[in-house]
Protein chains: 2
Amino acid sequence: MVPFGKPRGERADAARNREHLLATVRAMIAEDGPEKVTMDALAERAGLGKGTVFRRFGTRAGIFRAVLDDAEHRFQEQVLYGPPPLGPGADPRERLIAYGSGRISLLRSNHAVVRAAMDRSGTPAAAVSMSPAHIRMLLRQADPPLPHSDHLALQLAAALEGPLMLYLTSEEVAGPAGESDCGRLADSWRTLVERLFNG
Amino acid sequence: MVPFGKPRGERADAARNREHLLATVRAMIAEDGPEKVTMDALAERAGLGKGTVFRRFGTRAGIFRAVLDDAEHRFQEQVLYGPPPLGPGADPRERLIAYGSGRISLLRSNHAVVRAAMDRSGTPAAAVSMSPAHIRMLLRQADPPLPHSDHLALQLAAALEGPLMLYLTSEEVAGPAGESDCGRLADSWRTLVERLFNG
DNA sequence: ACAGTAAGCGGACTTTACCCCGCTTGTGCC
DNA sequence: GGCACAAGCGGGGTAAAGTCCGCTTACTGT
């Protein structure tokens, strides 16, 4: 028998500290925005050592990824088990359109944190996103399945997330103007998907 | 008359230093890759002060943007004045397809530098790219013009550049395997554009 | 040629992410 | 309960980006 009987889960104090750090960082984000969050300040405010912060989250970006995890997870649940058209039941085309507008508003409402989570080129944003996989699945379920579904899925994921991550600055996204912008982004996503499926 | 008669162009020594720095950074990139380039090392190797490096390029990412400028500029010239289907003369659909595969191979062959050029969230990658504007123009020239052309252009630009910038890691792109990957990316771009125009 | 001036230069300084490693503490086993 | 030990903790240390400001130097008009 291999000596690794149990992976020995996270220790209780560690879990407590993680929660505490998450709460603290959320508070700091609410007060001054993510760009003002420094590791030292976070550690001090939480009353913990800097080493602890890094042990829990690995990198600065990791903290923001953890902050997003919640919202991300709720959304994913809607996608996997929720009611149509987002959840299963609707046809792939409608699901994909719904997925797009849901994802756009998710990204918009967390835009600053999303940006902070992709700082430093180490991890590509794929880690923050289940989009490529989900889109690929829907492309394959289409009748007839779309060609190049793997690469097409990457491109569609980028079409969805890229404008918010690559091309739009924070000011363009925040504020009331940004809302209508995102609405139009959802409209053009719909166009894109409809034409893609009709071809 | 306003006192600003002449913008007083760049001084000769400054221009010389810029060229020298660019040559130095290119050499460093060739030797160890962009991620190993530090501002201190660059300044020292060029025999200049660090302040000078920052004055010239603003940020670390700025250096890599400057390095890319050349290739970018040559490509842009092909797009604006070169022969069809990339240059003017072909119909918008064909030009867009050609633009995509040209851009993909440009990004692939400079992938490491492109990534380095978008480090630090300050400047969105738009600065490295004329894609959104060019794509928008082609969408408007289509007959009939496509709806939502502004936002659709952003999404298509992201579909084109996003996979290479957001979702594919350096290893996946470099090496011989990456070449076929990029070829398939170009194929699925073609599909995307064809269906979009046919709808 | 020369004086005035703005642009350029250098390098010490500051800030911040991230590493390291000796000490402490929670946990599973008896 | 007590032991052994891995996991967790702390905070000083390092490296690298970016800022500042006093000195120097290339251009311009006369």
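This one's a predicted model, so the numbers in the text were calculated from it and none came from an experiment. A note on names: the letters A, B, ... follow the listed sequences, proteins ahead of strands, and every chain is numbered from 1. Side chains included, hydrogens not; waters and symmetry mates left out as well; all remaining heavy atoms used.
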If you restrict it to nitrogen or oxygen atoms, what contacts under 3.5 Å exist between nucleotides 1-4 of chain D and the protein, and what is each distance?
none

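We find the CD-CG distance between B:Glu161 and B:Leu106 to be 9.0 Å, quoted to the nearest 0.5 Å.
In summary, A:Glu194 and B:Arg195 do not engage in a salt bridge, as defined by a charged side-chain N under 4.0 Å from a carboxylate O.
Residue pairs satisfying the salt bridge (charged side-chain N to carboxylate O under 4.0 Å, His left out) criterion with at least one member in residues 134-160 of chain B, sequence neighbours excluded, are listed as follows: B:Arg140-B:Asp150. Residue pairs satisfying the salt bridge (charged side-chain N to carboxylate O under 4.0 Å, His left out) criterion with at least one member in residues 26-38 of chain B, sequence neighbours excluded, are listed as follows: B:Glu31-B:Arg45. Applying the side chain to side chain donor-acceptor pair (under 3.5 Å) test to every pair with at least one member in residues 77-86 of chain B, sequence neighbours left out, gives no pairs at all. Within the structure, the side chain to side chain donor-acceptor pair (under 3.5 Å) test picks out the following pairs touching residues 50-60 of chain B (sequence neighbours left out): B:Asp40-B:Lys50.
Judged as a salt bridge (Lys or Arg N to Asp or Glu O under 4.0 Å), and not counting sequence neighbours, B:Glu44 has no contacts. Among residues two or more places apart in sequence or in another chain, the side-chain hydrogen bond (donor to acceptor under 3.5 Å, both in side chains) test is passed with B:Asp181 by A:His151. With sequence neighbours excluded, the residues forming a salt bridge (Lys or Arg N to Asp or Glu O under 4.0 Å) with B:Asp70 are B:Arg74, listed by chain and number. Every residue two or more places apart in sequence or in another chain was checked for a salt bridge (Lys or Arg N to Asp or Glu O under 4.0 Å) with B:Glu19, and none qualifies.
A heavy atom lying under 4.0 Å from DNA chain C marks the following residues of residues 11-32 of chain A, by number: A:Arg11, A:Ala12, A:Asp13. Contacts between residues 38-57 of chain B and DNA chain D, defined by a heavy-atom separation below 4.0 Å, involve B:Thr38, B:Met39, B:Lys50, B:Phe54, listed by number.
Between its opening and closing five pairs, the helix from C:dA1-D:dT30 to C:dC30-D:dG1 changes axis direction by 30°, a value rounded to 10 degrees.
Checked by atom type, the side-chain pair A:Arg115/A:Ser170 shows no donor-acceptor distance below 3.5 Å.
With contacts defined as side-chain heavy-atom distances shorter than 4.5 Å, the pair A:Met130/A:Glu72 qualifies.
Distance A:Glu10 CD to C:dG26 C1': 13 Å, rounded to the nearest Å.
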